[in-house]
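Throughout, a chain's letter reflects where its sequence line sits, starting with A, and its residues are numbered from 1. Because the structure is a prediction, the values reported are computed rather than measured.
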Amino acid sequence: MKQEKMDVFLLTKPPFSPRSELCLKLAARSGKARIYLAGDGVYNLLTGIEKLPECDVYACKEDLEARAIMAGEKVTVPDDFYSDFIEDIMEHCRHEYTF
Amino acid sequence: MKQEKMDVFLLTKPPFSPRSELCLKLAARSGKARIYLAGDGVYNLLTGIEKLPECDVYACKEDLEARAIMAGEKVTVPDDFYSDFIEDIMEHCRHEYTF
Amino acid sequence: MKTLTIVLTDGPYISEYAEIAYKLAEAALKKYKVNIFLYLDAVHIPKKGQYPAFFINAGQLFSELAGKGAVVRACARCAGARGYLPEKEIIQESNCKDYFPGIRITSLYELSEMLSMSDRVISLSR
Amino acid sequence: MKTLTIVLTDGPYISEYAEIAYKLAEAALKKYKVNIFLYLDAVHIPKKGQYPAFFINAGQLFSELAGKGAVVRACARCAGARGYLPEKEIIQESNCKDYFPGIRITSLYELSEMLSMSDRVISLSR
Amino acid sequence: MKSVFYLLDTAPYGSEKAFGALNAAAVSLNEMDVTLGLYGDGVYLAIVGQDSRKLGLPNLGDILYAYGELRVLAHEPSLVERGLFGQTLIETIELADEEDFFEAMESSTYVIAF
Amino acid sequence: MKSVFYLLDTAPYGSEKAFGALNAAAVSLNEMDVTLGLYGDGVYLAIVGQDSRKLGLPNLGDILYAYGELRVLAHEPSLVERGLFGQTLIETIELADEEDFFEAMESSTYVIAF
C-alpha cells in the first residue's frame with residue numbers, strides 16, 4: 001500500500017500572528033500535516049495547537065527551555081529537531097511551508 | 001476659560017495591527033484626541049477611523065497619494081503635516097503617543 | 001528651548017521609519033532641540049557608502065540632520081554587535097569610521113540622559 | 001543530490017532567523033546541497049567585524065556554512081542600498097571586502113536560478 | 001515547469017517587502033510559473049491610482065502594470081475586512097476567495113513568504 | 001521626577017526587542033521612574049523558569065530578577081488570551097487589568113514602544 005505523503009509546516013511565529021493563523025488553516029486543510037514548532041512558534045503549545053485533528057506536532061527542545069514552555073504528551077520533542085525536520089521535508093513530504 | 005489640552009497620537013501602522021488597536025483604545029479614552037496618520041497609518045481611513053467620537057483626524061498628503069487613499073470631509077490634510085504635528089506635540093498637548 | 005527626542009529601532013529601507021524620523025526632526029529643528037537615539041537595527045542607518053538606487057540615502061539624511069544641530073547617537077552594544085565600532089579619535093564629529101559625519105556611538109546611558117532632558121519623546125518601530 | 005534553498009530577509013540579532021537558518025543549513029549539509037539567498041535586511045548578516053557580546057556571531061556562522069559547501073549569496077540591490085558593494089576581484093571566495101569569506105553579492109536573478117534548481121525551499125522572515 | 005507562490009502580507013510603502021516581493025516575482029517569470037499572492041495587509045497593493053513621487057519611492061502600482069504577465073491574486077476576505085471591496089482595484093489583479101487562494105498555494109511547488 | 005513607560009509587545013528570544021527593552025529600562029532606573037509594560041506577545045516574558053543557555057542567548061528572566069526595583073506590569077487580558085493565566089509567573093511582575101495598564105501609560109511622562 002502506498003503511504004500517503006504529508007505536508008510539513010515550520011512555524012516560528014507566536015499564536016494570533018497572521019502567519020500562525022494562516023499556517024493553522026493550511027494545516028487543517030491538509031488531512032495529513034506535521035507541524036514543527038521552533039523559535040516563538042513553541043508558544044502555540046499554550047493555545048492547544050497539539051489538539052488539531054490529523055496533525056502531528058513536534059517542538060524544538062532548546063526553544064521550549066528558553067521560553068519555559070512544557071510540551072504535553074501529544075507533542076514530540078526530538079533529540080535532533082533540525083535533522084528530523086530536514087529529513088522530513090527532503091524525503092517524506094508532499095509540500096513544505098514555513099511561517 | 002482654560003482650554004483643555006489634547007492627547008496627540010501619531011499612528012503609522014495599518015488597521016488591525018496590535019499597535020493600531022492599542023492606539024484606538026487610548027484615543028477613545030482620551031476625551032480630546034488628535035490622531036495624525038502617516039505612513040501605513042493612512043489605511044485606517046478605509047476602516048472609518050475619522051468616525052471616532054471626540055477625535056480629530058489629520059492625514060499626511062504624500063502618504064495618501066502614494067497609497068491612493070482618499071481623505072473624507074472629516075479629515076484634515078495639512079499643507080505641512082510634520083510641522084503641524086511637531087507644533088501640536090511641543091506646544092499644545094497633554095500627552096503624546098506614537099504607534 | 002524645548003527638546004524633542006526620537007528613538008528608532010529599524011534599519012534603513014526595510015521600513016519607512018528612517019524617512020519619517022527625518023521629516024519629524026527636520027520640522028522640529030526649526031524651533032527646538034532634537035536628539036535622535038539609534039537603537040537595535042537603527043544603528044545601520046548612518047553606515048557610509050549606501051547606494052539606494054530607488055530610495056533616498058538614509059545615512060545622508062541623518063548626517064544632514066546632525067549638520068543642522070540634531071544630536072544623533074547610536075547604542076554601543078547594538079552597533080558593536082552589528083560591526084560598527086567606536087574609536088578614540090573623533091573625525092568630522094564622528095567616532096566611527098564606518099559612519100557618516102556627525103553621528104557618534106555612545107553608551108545606552110545616553111538614551112536615559114536624552115530622555116531626562118527632553119520635553120517630548122517619539123518612538124518609531126515596526 | 002537534492003538541494004535545499006533558504007531565503008532570508010532579516011538582519012542578524014534583531015530576529016532569531018539567522019540562527020534558525022544556520023541550524024537548518026547545518027543539518028541539511030550532511031546529506032544535501034544548500035543554497036542561502038540573503039534578501040532585504042539579511043544582506044547585513046555577513047558583515048565583517050561583528051562583536052555581539054551576548055549573542056553568537058552571525059557572520060561567522062554563515063561563513064562557516066559557506067566553508068562547508070553552502071552557496072551563500074546576497075542580493076546586489078539590497079546590499080548596495082545598505083552600503084555593501086561588489087568588487088571585481090574575488091578574495092577568499094567573496095567579492096565584497098566588507099563581507100566574511102565565502103559569501104558573494106550577486107544579482108537577484110540568482111534567486112530565481114537557485115529556486116529552479118532546488119527540491120525544497122524555506123523562507124524565514126519577521 | 002516549477003511554480004513559485006510569493007506570499008505578500010505586508011502593506012506597500014511602509015515596508016520594503018512589497019517592492020522586494022515584486023522584484024523577486026519579476027526575475028522568476030522566465031524560469032517558473034509565478035504567482036504573487038496578496039494576503040492580509042498585502043492586499044493594499046491592489047488599490048488603483050498610487051502615486052509615490054512625493055515620497056521619493058518607486059511606484060509599486062506601475063511595477064505591477066509593467067509585469068502584466070505576472071499572475072497576481074488578492075485574497076478576497078482580506079480585502080473585505082480592510083474596507084477595500086468597493087474600491088477600484090488594479091485590473092490585472094484576480095480576486096480569489098479563500099478556497100481558491102489556498103489552492104493556488106497548495107498547487108505551487110514552493111511558497112515563499114516575505 | 002520624570003517617568004517613562006517602556007511598552008514591550010514582542011515575544012522574547014525570537015526578537016531582540018525584549019532584551020533591548022530590558023536594557024533600556026535598566027539604564028533609566030537612576031534618573032526616572034521606570035515601568036516596563038508587557039502587552040500582547042510581550043507577556044510571554046513573564047513565564048517563570050526560562051533557561052536560554054542552549055540557545056546561546058541571555059536569560060531574560062534572570063535580567064528581570066537582577067533589576068528587582070524595576071516595575072514590570074503585565075496586561076492581564078493579553079495573558080488570558082495567550083493561555084498564560086494559570087501559569088506560574090515571575091513573582092516581581094504585577095498583573096494589571098486593562099484599566100490599570102492604560103492608566104500607567106497615561107500617567108507616565110513618556111511612552112516608548114519597541
For chain C, find which of D:Ala58, D:Pro12, D:Gly49 contributes the most heavy-atom pairs closer than 4.5 angstrom.
D:Gly49
Tell me whether the count of non-hydrogen atoms from other residues, nucleotides or ligands lying under 6.0 Å of CD in C:Glu87 goes above 12.
yes
With rounding to the nearest 0.5 Å, note down the distance linking OG in D:Ser15 to CG in C:Asp41.
8.5 Å
Against chain C, work out which of D:Phe55, D:Tyr84, D:Phe54 has the most heavy-atom pairs shorter than 4.5 Å and name it.
D:Tyr84
More than 12 heavy atoms of other residues, nucleotides or ligands under 6.0 Å from CD of C:Glu64: yes or no?
yes
Distance from C:Ile14 atom CD1 to D:Arg126 atom CZ, nearest 0.5 Å?
7.5 Å
Has C:Glu26 got more than 12 heavy atoms of other residues, nucleotides or ligands less than 6.0 Å from its CD?
yes
Would you indicate whether the side-chain heavy atoms of C:Arg82 and D:Gln50 approach each other to under 4.5 Å?
no
So for D:Lys47, is it side chain, backbone, both, or neither that comes closer than 4.5 Å to the heavy atoms of chain C?
side chain
Heavy-atom contact with chain D under 4.5 Å, split by part of C:Asn57
neither
